[in-house]
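Numbers here are sequence positions counted from 1. Order of appearance sets the numbers: ligands from 1, and atoms from 1 within every ligand.
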Amino acid sequence: MRVLIIGSGGREHAIARAVSKSPRLTALYALPGNPGIESVATLIPGKADDIPLALEVARKESIDLTIVGPEDPLAGGIVDAFQQAGLRVFGPTREAAQLESDKAYAKKLMRIASVPTADARVFTEYAPARAYLASRDEPVVLKAAGLARGKGVLVLDDPAEAIVAAERIMCDRVFGDAGATLLVEEKLIGHEVSVFAIVDGQSIYMLESARDHKRLLDGDAGPNTGGMGAYSTADLLPESILREIETKVVVPIVDAVHSDGAPFRGVLFVGLMMTAAGPKVLEFNVRFGDPEAQVILPRMRSDLLDLIDRATRGKLDSAAVDWDPRAALTVTLASPGYPDQPKTGLEIAGLPMDDNRDDLLFFHAGIKRENGKLLTAGGRVLNVTALGDNLANARETAYAAIEGVRFDGMQYRRDIGIGR
Ligand code: AMP
Ligand code: GLY
């Protein structure tokens with residue numbers, strides 16, 4: 001099979017590495033990929049959300065299957081465009097992708113399908129949002145409804161701060177047009193977990209779960225980011241809870257999307273808070289998590305390409321996935337200034353380019369190669385993933401490996417996988 005991967009982050013590197021092991025693969029391309037992906041794929045320069053270019057590449061290189069990593073091209077309708085052109089692609093249509101690209105839409109479907117989630121009000125104008133916030137004296141969560149790279153959510157314990165923040169989101173548009181609609185949610189308390197299902201339009205296959213660390217700083221302090229680290233263990237969620245999530249969340253929301261007109265095909269990523277009243281949905285995403293993919297995919301022993309191929313042909317009902325029982329943990333190395341204003345162009349030293357250890361993997365994200373040097377090219381630069389017999393061993397291996405990698409102002413959390 002000739003395969004094209006769309007995207008350039010650590011997630012896409014993890015997908016590319018997993019797909020590259022498939023006996024069914026005959027050629028692998030990435031648009032645009034990164035220097036890490038280059039070790040297993042041919043890179044095509046361009047932008048991940050350039051849909052006409054993706055179509056051109058798929059035709060020119062006789063691609064059998066295109067796998068879309070990030071949300072932007074999905075929200076932009078890449079799957080619709082490929083389907084219209086008669087090309088096979090893995091991901092949801094633009095309409096189904098609204099589950100992620102429009103949090104107000106996701107809330108509406110959750111209400112219709114009785115999916116457990118935080119109570120929320122939706123506002124399209126500032127004055128009523130302000131009046132509502134002024135009437136509250138509990139902590140609130142503000143969410144820009146559109147796509148904001150994981151940064152459009154503010155958890156505010158003081159409602160007075162929330163009024164100022166709502167003005168910045170809705171009037172000053174600090175998250176751009178994503179802030180045209182604002183959700184004001186109740187704050188949920190508990191541990192978070194990221195659950196993944198592969199969906200073929202009809203059948204659902206639940207993958208192993210992961211826990212993400214979204215805040216920038218140790219002890220879950222600082223702003224929300226795209227993700228500063230994650231881990232996945234075989235016992236992260238008891239089987240009974242995973243089944244509860246499947247029956248109370250995944251099945252009803254997939255049905256609700258279908259009834260709304262668009263069968264869901266792709267990865268459904270459910271961000272949940274495990275509250276005292278049971279699991280409640282924080283958000284849906286319509287793709288693999290980043291950095292969750294960097295811990296889940298290294299634990300997948302069976303053929304990812306085969307699984308995705310089945311999903312695009314409506315043949316998931318006969319799928320079976322074999323998992324590595326080891327724990328996996330990843331630490332994100334981020335640029336100075338991330339998440340607000342990441343500084344790029346800094347030289348990265350000490351990054352091994354060979355991938356010959358099965359318990360230590362370096363997934364490239366915001367990295368470019370220039371004149372033979374590796375330079376930072378984005379906010380999240382690298383994911384160092386380690387596997388171990390238990391979480392503590394995996395953590396030790398990952399942090400020991402980080403000691404060898406350097407760039408100016410490198411930021412990372414020292415507490416990934418601790419205290420949970
Ligand atoms: P989201 O992009 O909706 O997943 O939100 C990003 C992060 O904000 C989540 O991973 C949580 O840490 C936090 N968050 C979102 N919604 C809530 C909520 N209702 N209660 C508490 N924390 C939340
Ligand atoms: N790690 C969260 C995300 O991929 O959105």
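Residue A118 has at least one heavy-atom neighbour below 4.0 Å for each of these atoms of ligand 1: 19 (N). Within ligand 2, the atoms closer than 4.0 Å to a non-hydrogen atom of P291 are 1 (N), numbered from 1 in the order shown. Each of the atoms 1 (P), 2 (O), 3 (O) of ligand 1 lies under 4.0 Å from some heavy atom of K103. Remark: ligand 2 atoms within the under-4.0 Å shell around heavy atoms of N285 are 5 (O). Ligand 2 places these atoms under 4.0 Å from at least one heavy atom of E292: 1 (N), 2 (C), 4 (O). In summary, the atoms of ligand 2 found under 4.0 Å from a heavy atom of G289, numbered by their order in the structure, are 4 (O). Within ligand 2, the atoms closer than 4.0 Å to a non-hydrogen atom of G226 are 1 (N), 2 (C), numbered from 1 in the order shown.
Here F269 has side-chain heavy atoms under 4.0 Å from ligand 2, and that is the only part of it that gets that close. The proximity of V153 to ligand 1, defined as any non-hydrogen pair under 4.0 Å, is limited to the side chain. Contacts of L188 with ligand 1, taken as heavy-atom pairs under 4.0 Å, involve both backbone and side chain. Residue contacts with ligand 1 for E186 involve N, CA, C or O but no side-chain atom from C-beta outward (heavy atoms, distance under 4.0 Å). Of the heavy atoms in N224, only side-chain atoms (C-beta onward) come closer than 4.0 Å to ligand 1.
Because its NZ or CZ atom is both nearer than 6.0 Å to the ring centre of Y412 and within 45° of the ring axis, R414 counts as a cation-pi partner of that residue.
Residues L207 and F288 have side chains in contact (heavy-atom distance under 4.5 Å, counting atoms from C-beta outward). Within the 4.5 Å cutoff, no side-chain heavy atoms of F123 are placed close to those of R130. F284 has its side chain within reach of M110: a pair of non-hydrogen atoms, C-beta onward, lies under 4.5 Å apart. Between I204 and V254, the closest side-chain pair of non-hydrogen atoms falls below 4.5 Å. In this structure, the side chains of R88 and T66 stay at 4.5 Å or more apart for every pair of heavy atoms.
No hydrogens or angles considered: nothing links the side chains of N34 and S8 as a donor-acceptor pair under 3.5 Å. Between the side chains of E208 and S232, no donor-acceptor pair is found at a separation under 3.5 Å.
In terms of polar-atom proximity, defined here as any N/O pair under 3.5 Å, E283 makes no such contact with ligand 2. Annotation: D212 places an N or O atom under 3.5 Å from an N or O atom of ligand 2; distance criterion only.
Ligand 2 is never approached by A230 to a heavy-atom distance shorter than 4.0 Å. Remark: distances from the non-hydrogen atoms of G227 to ligand 2 are all 4.0 Å or more. Residue contacts with ligand 1: M273 is included, with a non-hydrogen atom under 4.0 Å away. Ligand 2 lies nowhere less than 4.0 angstrom from a heavy atom belonging to S194.
The pair R24-D303 does not meet the salt-bridge criterion, since no charged nitrogen lies less than 4.0 angstrom from a carboxylate oxygen. Residues E138 and K187 are not paired through a salt bridge, judged by the lack of any N-O separation under 4.0 Å between the basic side chain and the carboxylate. Under the 4.0 Å criterion applied to side-chain N and carboxylate O atoms, K315 and D306 are not assigned as salt-bridge partners.
Counting protein heavy atoms only, atom 17 (C) of ligand 1 is closest to L282 CD2, 3.4 Å. Nearest protein neighbour of atom 13 (C) of ligand 1, counting heavy atoms only, is V155 CG2, 4.0 Å. E192 OE2, 3.0 Å is the protein heavy atom nearest to atom 11 (C) of ligand 1. Atom 5 (O) of ligand 2 has as its closest protein heavy atom R287 NH2, 2.8 Å.
Within the structure, the salt bridge (charged side-chain N to carboxylate O under 4.0 Å, His left out) test picks out no pair touching residues 40-52 (sequence neighbours left out).
Counting all heavy atoms, side chain and backbone alike, F90 lies closest to L65 at N-CD1, 4.3 Å.
With E283, K143, R215 as candidates, the residue nearest to atom 15 (C) of ligand 1 on a non-hydrogen basis is K143.
Take F264 and apply the ring pair (Phe, Tyr, Trp, His ring centres under 6.0 Å) test, not counting sequence neighbours, and it matches no residue.
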